[in-house]
Amino acid sequence: MASKVIIKDLTKRFGSTIAVNKLNLEIKAGEFVCFLGPSGCGKTTTLRCIAGLERQDEGDIYIDDELVNDLPPSERDIAMVFQFPVVYPATTVRDNLEFPLKQRKLSRGEIKERVNEIAKILRIEHILNRIATDLNIGEKQRVAIGRALIRRPKVLLLDEALTNLDTEMKLSMIAELKRIHEEFNQTIVYVTHDQSEALMMADKIAVMNLGVLQQYDTPEQLYSSPKNLFVAGFIGSPPMNLINVNYNKEKETIEINNISIDFSKYSDLIREKASSDTLVLGFRPEYVSIHKKCGRKDHLMGEVEIVELLEDRLSLDIRVVDQIVKAVIPSNYQVNIGDEVCIELNKFHLFDEKSGETIM
Ligand code: ATP
């Protein structure tokens, strides 16, 4: 049966560094959750606290409804897979997989059944009799994941477990982890700094920065409704355009040097939520339309500086006054370097520059 994990007010310090700062998070039974953020944001420390490899300074961790703060790792019924696969030397893949089950004194029949099942799911049936240390890194990581999963732990923790694999192997492992998650209804927590891995795999993503949880949401929500500037800039590739603008209260416009855009529709919201007139306008490159002629005065205008083919789309760098705006548009659009274009925003966000919080 899948297990849930509840983290309450978790704080972990290393000297004067606050690695994790008052983290609150609930991972539901059977959920696939990714901890995502730049290096040093506290992802691994949080994972190690869940595993019991690190003791938090403050806060509580519950697995199901049991408070596990004082339980050693071996009594938490958790399995962990690391960035560099750990396999037992001078033993076969089969021995590696059987070991955790023999420790638990399962019957021979059950051990055989579980080894066959996990080997099939991880596509390592053909290497069961090979010496584990002779395998390539992708095969070793499959064995490490198999050994972690075979005893059906309450929670499977993976720390950058696919980072060292080449792209093809990584994509195939992502598909396998998703399949394992669904077939076993396994609660999985996966740490990564790579947003594309997290967006592909997770039911929910905890975006962290400087030890602080920024947003805990589904991939779709993080992409469409970021709660602050950090999440807006971190999620999405190419990243969201973030342009500094001034709000003119009298005219109810936002202004970028000599460009002025009517924002009277949103003036109540801006008055209510903004701490000053300095705002950040955010819009994703894929949510703009480009026009050669400006019918209206309230669009952004700029000069095309770079045109690149991005698979089946065109990526444009457009200079708008002193800032570069990225636009991703259909590849059949005729546009050249030096063209003056008008940028229509089909969807946008507005942030308070000081607090970084989303206004709309
Ligand atoms: P990375 O992806 O680089 O591992 P991370 O997001 O997983 O980053 P953590 O490894 O959790 O971040 O580190 C969070 C902060 O705590 C960093 O500033 C790191 O230097 C510090 N830290 C982590 N472990 C220790 C330790 N054992 N001793 C001292 N400082 C540590």
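Counting starts at 1 for both ligands and their atoms, following the listed order.
For residues 10-36, the set of pairs meeting the salt bridge (Lys or Arg N to Asp or Glu O under 4.0 Å) definition, not counting sequence neighbours, comprises Arg13-Glu58.
A donor-acceptor pair under 3.5 Å links the side-chain atoms of Arg76 to the main chain of Leu71, judged by distance alone.
Look at Glu286 and Arg313 and you find no salt bridge, because none of the NZ, NE, NH1 or NH2 atoms lies under 4.0 Å from a carboxylate O. Ion pair Lys251/Asp262 not flagged as a salt bridge, since none of the NZ, NE, NH1 or NH2 atoms sits closer than 4.0 Å to an Asp/Glu carboxylate oxygen. Taking a cutoff of 4.0 Å between a charged side-chain nitrogen and a carboxylate oxygen, Asp159 and Lys43 do not qualify as a salt bridge.
Nearest heavy atom pair, residue Ile188 against residue Leu177, reads CD1-O, 4.2 Å.
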Show me the short polar-atom pairs for ligand 1: any N or O of it lying under 3.5 Å from a protein N or O, with distances only.
residue	atom	partner	partner atom	Å
ligand 1	2 (O)	Lys43	NZ	3.3
ligand 1	3 (O)	Ser39	OG	2.6
ligand 1	6 (O)	Gly40	N	3.4
ligand 1	6 (O)	Cys41	N	2.9
ligand 1	6 (O)	Gly42	N	3.0
ligand 1	6 (O)	Lys43	N	3.2
ligand 1	6 (O)	Lys43	NZ	2.9
ligand 1	7 (O)	Thr44	N	2.9
ligand 1	7 (O)	Thr44	OG1	2.8
ligand 1	8 (O)	Gly40	N	2.7
ligand 1	11 (O)	Thr45	N	2.9
ligand 1	11 (O)	Thr45	OG1	2.5
ligand 1	12 (O)	Gly42	N	3.2

